[in-house]
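We use all heavy atoms of the structure for the numbers below, so side chains are in, but hydrogens, waters and symmetry mates are not. All values reported here derive from a predicted model rather than from experimental measurement.
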Amino acid sequence: MILTEEFLEELVSDYYLQCEILSNENDQNDELFESFRNDSIYSKYYSYFDFSDHNRDEVISLYVMELKKIISEFGNDSFSDDEKILNYLEYFRLFVSYLPYKSSTDYPYLSNESRYMSSLLGHGTCISQAYFLRDLLKYSNIKKYGEFNITETNIGHSHTFISGKDMMSGDNIFIDPVLYRGSVISLEQTLRRDNARHLSDFFIDESQIFDARNRVLSYGVFKCGFNNSEEDINEISNSLLDASCFDACFNSGCTSVLGKKMDIGKVFEMYCYALNINYNFICSEDRRNAVYSIYNNDTVHQYDFRSMFCNESIRRRHSSKYCAK
């Protein structure tokens, strides 16, 4: 992986942009930013952005190591170009949570374009995710779709995704990690060729999605050290809920995994995989996919982690009754 001078300059520029945004917020006392100051993972992340040469080099080094690690696992040349893209989309679905759009006037420290938020914190806005994914695609030796570029559109607010060009047909394609929710339908919305939205255009079927998902889940289970044991999934779910906290940034529940923020539903999904429990997640407009159905002893159980933090009383006092048959 040979980094170009232009790319390194882009990383430096991104670092200083994040520094400027955070320095402008130091005098703010709103509840959301205050929660960041008091959280160990957020505070560690923000401590890097102090304009110092040492921390600048440290952040860039951490980011490049993250790129290399993910590319080595999911973007190496044992995969086809389409498989690499699917691997990355599943990686983002599991490990890079979507940070809902916030007004740049009210929350500039959330709506900035830094790729570092998605890579080092584990969540980011559409523009943050687009830059992070674009960098992965750029250094993954993907030749089918030419050069990948950052593209913006307007859907009531500015929305950012990635564009490329099919080198065979000359058609433009669009890759949008925010729209991908793990389903075939969402993939049709994610991979778009001009105005067409047909999986057949990309020679991708449902089995390839599951193959990519299994690769990413296997990687996550190994990295997190989850064991294939006889643990009870209800006890695991209870412990996840007890260990999680309400995150004002997500307006949902999350927990700390490998030094990053992660939706508790995604951690639950990894446990299901580790324990060989069949599950389905219920796709909706919510990228978090925090509602899961599992099959146990011929009975369907539904786990709705999303609703656990839907009101103030539940946020403050975690209920243990969240498994509905």
Side-chain angles (χ1 to χ4, degrees), residues 1-19 22 39-49 52 54-79 83-99 112-142 148 150 160 162 175 177-178 180 212 215-225 249 254-263 266-267 270:
M1 180 176 173
I2 301 175
L3 305 179
T4 66
E5 190 68 29
E6 180 183 6
F7 180 59
L8 290 173
E9 290 176 358
E10 191 177 324
L11 295 182
V12 170
S13 177
D14 195 2
Y15 172 80
Y16 286 122
L17 175 61
Q18 182 81 130
C19 289
L22 295 177
D39 183 282
S40 60
I41 291 180
Y42 284 125
S43 61
K44 180 180 180 180
Y45 172 80
Y46 288 135
S47 70
Y48 283 124
F49 297 93
S52 70
H54 171 77
N55 278 338
R56 177 200 63 201
D57 294 343
E58 178 73 8
V59 166
I60 292 174
S61 176
L62 288 171
Y63 182 73
V64 171
M65 284 193 295
E66 190 79 357
L67 291 179
K68 290 180 177 180
K69 177 180 67 178
I70 298 170
I71 290 171
S72 174
E73 193 72 31
F74 302 115
N76 64 69
D77 288 337
S78 69
F79 300 112
E83 285 175 332
K84 292 175 185 179
I85 293 173
L86 283 178
N87 288 344
Y88 291 148
L89 288 174
E90 273 294 320
Y91 180 89
F92 272 60
R93 183 187 68 81
L94 195 68
F95 288 110
V96 187
S97 300
Y98 174 56
L99 189 64
N112 70 80
E113 64 184 35
S114 178
R115 54 177 46 88
Y116 299 126
M117 292 190 76
S118 290
S119 59
L120 304 182
L121 264 181
H123 63 248
T125 56
C126 61
I127 191 168
S128 173
Q129 293 195 32
Y131 273 101
F132 183 25
L133 180 54
R134 191 282 310 269
D135 294 345
L136 288 169
L137 296 170
K138 179 178 181 179
Y139 286 100
S140 295
N141 195 31
I142 295 177
F148 293 101
I150 299 296
T160 305
I162 301 163
I175 303 174
V178 169
Y180 180 69
R215 282 191 287 267
V216 176
L217 283 169
S218 177
Y219 168 85
V221 165
F222 174 76
K223 287 294 184 182
C224 294
C249 182
C254 69
T255 189
S256 300
V257 177
L258 301 177
K260 298 180 182 179
K261 291 291 184 178
M262 191 170 182
D263 296 316
K266 302 297 176 58
V267 182
M270 285 198 292

Flag the pair [X] and [Y] as a salt bridge only when some basic side-chain nitrogen lies within less than 4.0 angstrom of an acidic carboxylate oxygen.
X: Lys84; Y: Asp77; value: yes
X: Lys260; Y: Glu66; value: yes
X: Glu73; Y: Lys223; value: no

Checklist entry - Distance only, no hydrogens: is a donor on one side chain within 3.5 Å (strictly under) of an acceptor on the other, for Tyr16 and Arg56? => result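 Yes, a side-chain donor-acceptor pair sits under 3.5 Å.
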Checklist entry - Between Tyr63 and Asp14, does any side-chain donor sit less than 3.5 Å from a side-chain acceptor? => result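 Their side chains do not contain a donor-acceptor pair, so the 3.5 Å distance test is not met.
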Item to check | side chain to side chain donor-acceptor pair (under 3.5 Å) evaluation trace for Tyr45 with Gln18 | outcome: CA-CA 11 Å; Tyr45 172 80; Gln18 182 81 130; 2.6 Å; yes
Item to check | Closest contact, heavy atoms only, Phe92 versus Pro177 | outcome: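 Looking at all heavy atoms of both residues, the closest pair is CD2-CB, 4.0 Å.
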Checklist entry - Is the gap between the ring centers of Tyr116 and Tyr48 under 6.0 Å? => result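 Ring centroids of Tyr116 and Tyr48 are no less than 6.0 Å from each other.
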Checklist entry - Are the aromatic ring centres of Tyr42 and His123 under 6.0 angstrom apart? => result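 Between Tyr42 and His123, the centre distance is under 6.0 Å.
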Checklist entry - So do Val64 and Ser61 actually touch side chain to side chain, heavy atoms under 4.5 Å? => result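 They are not in contact (no side-chain heavy atoms under 4.5 Å apart), so the answer is no.
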Checklist entry - Any side-chain heavy atom of Cys224 within less than 4.5 Å of one from Leu258? => result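 Side-chain contact under 4.5 Å: yes.
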Next on the checklist: With a 6.0 Å cut-off (strictly less than), is the heavy-atom count around NZ of Lys69, excluding the residue itself, greater than 12?
Outcome noted: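 Enclosed: over 12 neighbouring heavy atoms sit under 6.0 Å from NZ of Lys69.
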Next on the checklist: Using 0.5 Å steps for rounding, measure from the CG atom of Leu136 to the CD1 atom of Ile70.
Outcome noted: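 Rounded to the nearest 0.5 Å, the CG-CD1 separation comes to 5.0 Å.
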